[in-house]
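To start, the structure itself, in C-alpha cells.
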Amino acid sequence: MLGHGARVHGAQRRAPGPFPHPGRGARARPRHRAVSVPARTEVLVVGGGPVGLAAALQARRAGREVVVVDRRDGVIDKACGEGLLPGALAAVLDLGVDPPGHPLAGISYRDATRHADHPFAAGPGRGVRRTALHAALRDRALAEGVQIEQATLRGLSQDARGVDVALDTSHGAAHHDDQDAGGPRTLVRASWVLGCDGLHSTVRRLTGLDVPARGRARFGLRTHYRTAPWSDLVEVHWTSHAEAYVTPVAPDVVGVAVLARRGDTGRRPGGDPPAARTDDDGAPAGLAAFAELADRLRDAPVLGRVRGAGPLRQRARRRAAGRVRLVGDASGYVDALTGEGVRVGLAQADAVVRHLDDAATYERAWSRATRDYRVLTTGLLAWAGSPARGAIVPAASAAPWLFGAVVERLAR
C-alpha cells in the first residue's frame, strides 16, 4: 500500500501520471467544528491516518492520555493501494476494527504474455477502500477516548521533560502549502510526540531527522472504477516502465494504482496529466500500455478523484530525537512495490508505544519490524530498475515456488 499520510504537494498537486485530471469536479468545503486542543497531553500524535490512529489506540490502551492532530478534518482519502494482505488484516482486526471490503485470495504477477499466481496459504486478505479503513479506525479511536482535532504543525522544541508544540488551528491551515504560513497558534505541552505524518513528514523535518533521498523519484496514482471485480487476486500488471495494481475493494468497485518513475508516467509537457477520460484509442486514460487491463476497464465509469503520492522514497537519520518518535512512512519509506505499508506501519505503532521511553529499543524494534519490507522491496526495486526488468514475470512464472515464498513472506 502507498504510504499512509502521504502529502501530495507542490509539483505533485497535478500528479505526474496517466490518469484523468485529479481536480475535475467541484468539492464542497466541509463545515468545521470548533477546535479544542488541550494545553497539555501525555502523547501527541501528529498525523491522523491509519498508522497515527493505530498508535493512538495502542497508547490509549496502555493507559496514556492521547491527542491526535491532523491538518485535515474527518475521514481522509489519500493515495493507497488498498490491499490488506493477511498479516495486515489480522493486525487491523486485533485493533478491534473490521472494515468492509472484498476478499483477496492471493497475488498475480502479469505481463503481456504470461502470469504467475499464488494463493495466500494463511487465508484471505481484504481489499478495503482507504476511506473505509480510516473511518473504522477513527470511530474506534474516538470510542476509546482518543481526542482528534484539526490542526497543522508549525513548530516544536523540546527539553528533557517534554515537547512544546506550536499548532495552527485555523480552518484554512489544511489548504496552505507554506508550512510556515500564519494563523492563530496554540501551544501544546506533550510528554511525547509521535510523528505519524507520512512521506513528507513535518515532524521529521523539524527534528532534523530528514535525509535527502537518492535515485530517480517514483510516484503513485490511484483511482477507482465502477465494475465488478473479475478476480479475487491482487493483480500486478507489469510493462517496461510502470506497474499497475488492481485491487477489488467492493462487489462493484476495483481500485487501480499505477507506480512509475517521474519521467515514465506519460506526463505532458508543463507537468499536467491528461485530462481526457480516454486515450486516442478509446482505452481508459493512461492504461493503453496495460492491454489486458485497458480492455477490461474500457467502458467502466471512473469514481471520484484521482489521488497521487510521491516521491515515494524517503529517508530518516534515525527514528527518535529526544522525546519525539517517527512512526510509519514518516520514519522512512522505500517504495509501494510490495504493498506492505499498512502491516509495517501497524507493527511500528505497536512497537513505539511498547518502547516509548527507550529510544534505542524502539530503533531495534523498528529495524526488526521493517527488515523484510526493506530487504525485499529494495531488491525488487533494483531488479525493476535494471535492464532485466522484463524477466520479473517470466521468472515468477518459471519458479512458482520462489514466487510463492516471497509472497508468503510479505503476507505474514
Side-chain angles (χ1 to χ4, degrees), residues 1-6 48-55 57-58 75-109 117-141 196 198 220 222-224 229 231-236 243-257 259 307 309 327-329 333 335-350 369-370 372-373 376-377 406-412:
M1 303 179 77
L2 284 189
H4 291 291
V51 171
L53 292 171
L57 278 167
Q58 298 286 11
V75 175
I76 301 168
D77 192 13
K78 292 187 178 180
C80 180
E82 300 185 319
L84 298 180
L85 303 189
L89 179 58
V92 168
L93 295 174
D94 283 347
L95 289 171
V97 172
D98 191 5
H102 192 284
L104 301 178
I107 304 290
S108 177
Y109 269 27
D117 301 343
H118 180 79
F120 298 131
R126 187 179 299 174
V128 178
R129 291 189 72 158
R130 167 68 182 232
T131 48
L133 178 61
H134 188 264
L137 284 166
R138 190 175 189 276
D139 288 347
R140 172 55 60 184
C196 305
R222 185 223 67 201
T223 195
H224 293 111
S231 173
D232 58 0
L233 303 175
V234 176
E235 293 185 350
V236 184
E243 309 92 53
Y245 292 69
V246 183
T247 306
V249 294
D252 59 347
V253 179
V254 297
V256 178
L259 302 179
R307 300 284 175 175
V327 191
D329 296 349
Y333 193 75
D335 197 87
L337 191 59
T338 53
E340 285 194 281
V342 171
R343 181 189 67 80
V344 173
L346 296 186
Q348 293 176 53
D350 176 67
T370 63
D372 284 353
Y373 160 73
L376 293 173
T377 304
V406 172
V407 170
E408 291 301 323
R409 191 77 177 180
L410 296 173
R412 294 189 309 171

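- Counting only heavy atoms from C-beta outward, the side chains of Leu104 and Glu82 never approach each other to under 4.5 Å.
- No donor-acceptor pair closer than 3.5 Å links the side chain of His118 to the backbone N or O of Tyr109.
- Closest of all the heavy-atom pairs between Val249 and Val128 is CG1-N, 4.0 Å.
- Between Leu346 and Ala54, the shortest heavy-atom contact is CD2-CB, 3.4 Å.
- The structure places CZ of Arg343 at 9.5 Å from OG1 of Thr370, a figure rounded to the nearest 0.5 Å.
- Rounding to the nearest 0.5 angstrom, the gap separating the CG atom in Leu95 from the CD atom in Gln58 is 5.5 Å.
- Residue Val407 comes nearest to Phe120 through the heavy atom pair CG1-CE2, 3.8 Å, listed as atom of the first residue, atom of the second, then distance.
- Looking at Tyr245, its side chain does come within 3.5 Å of a backbone N or O of Leu337 through a donor-acceptor pair.
- The main-chain N or O of Ala121 is found under 3.5 Å from a side-chain atom of Glu408 such that the two form a donor-acceptor pair.
- One finds the CZ atom of Arg307 at 10.0 Å from the CZ atom of Arg130 (value rounded to the nearest 0.5 Å).
- Atom-to-atom distance recorded for Thr247:OG1 and His224:NE2 is 8.5 Å, nearest 0.5 angstrom.
- Interatomic distance, Asp372 CG to Thr377 OG1, rounded to the nearest 0.5 Å: 9.5 Å.
- Contacts classified as salt bridge (Lys or Arg N to Asp or Glu O under 4.0 Å) and involving residues 95-108 (residues at least two apart or in different chains) are given here: Asp98-Arg126.
- Residue pairs meeting the salt bridge (Lys or Arg N to Asp or Glu O under 4.0 Å) criterion with at least one partner in residues 84-96, sequence neighbours excluded, do not occur; the list is empty.
- Judged purely by atom type and a 3.5 angstrom limit, Glu235 has no side-chain atom pairing as donor or acceptor with the backbone of Ser108.
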Leu53 and His134: side chain to side chain contact (heavy atoms under 4.5 Å, CB included), yes or no, with the steps? CA-CA 8 Å; Leu53 292 171; His134 188 264; 3.8 Å; yes

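- In terms of heavy atoms, Pro99 sits closest to Ala136 at CB-CB, 4.2 Å.
- Between Ile107 atom CD1 and Leu410 atom CG the span is 8.5 Å, to the nearest 0.5 Å.
- Using a 4.5 Å heavy-atom cutoff, the side chains of Asp232 and Pro103 are not in contact.
- Nearest heavy-atom pair across Cys196 and Ala55 is SG-CB, 4.3 Å.
- Across all their heavy atoms, Gly125 and Leu89 have their closest contact at C-CD2, 3.9 Å.
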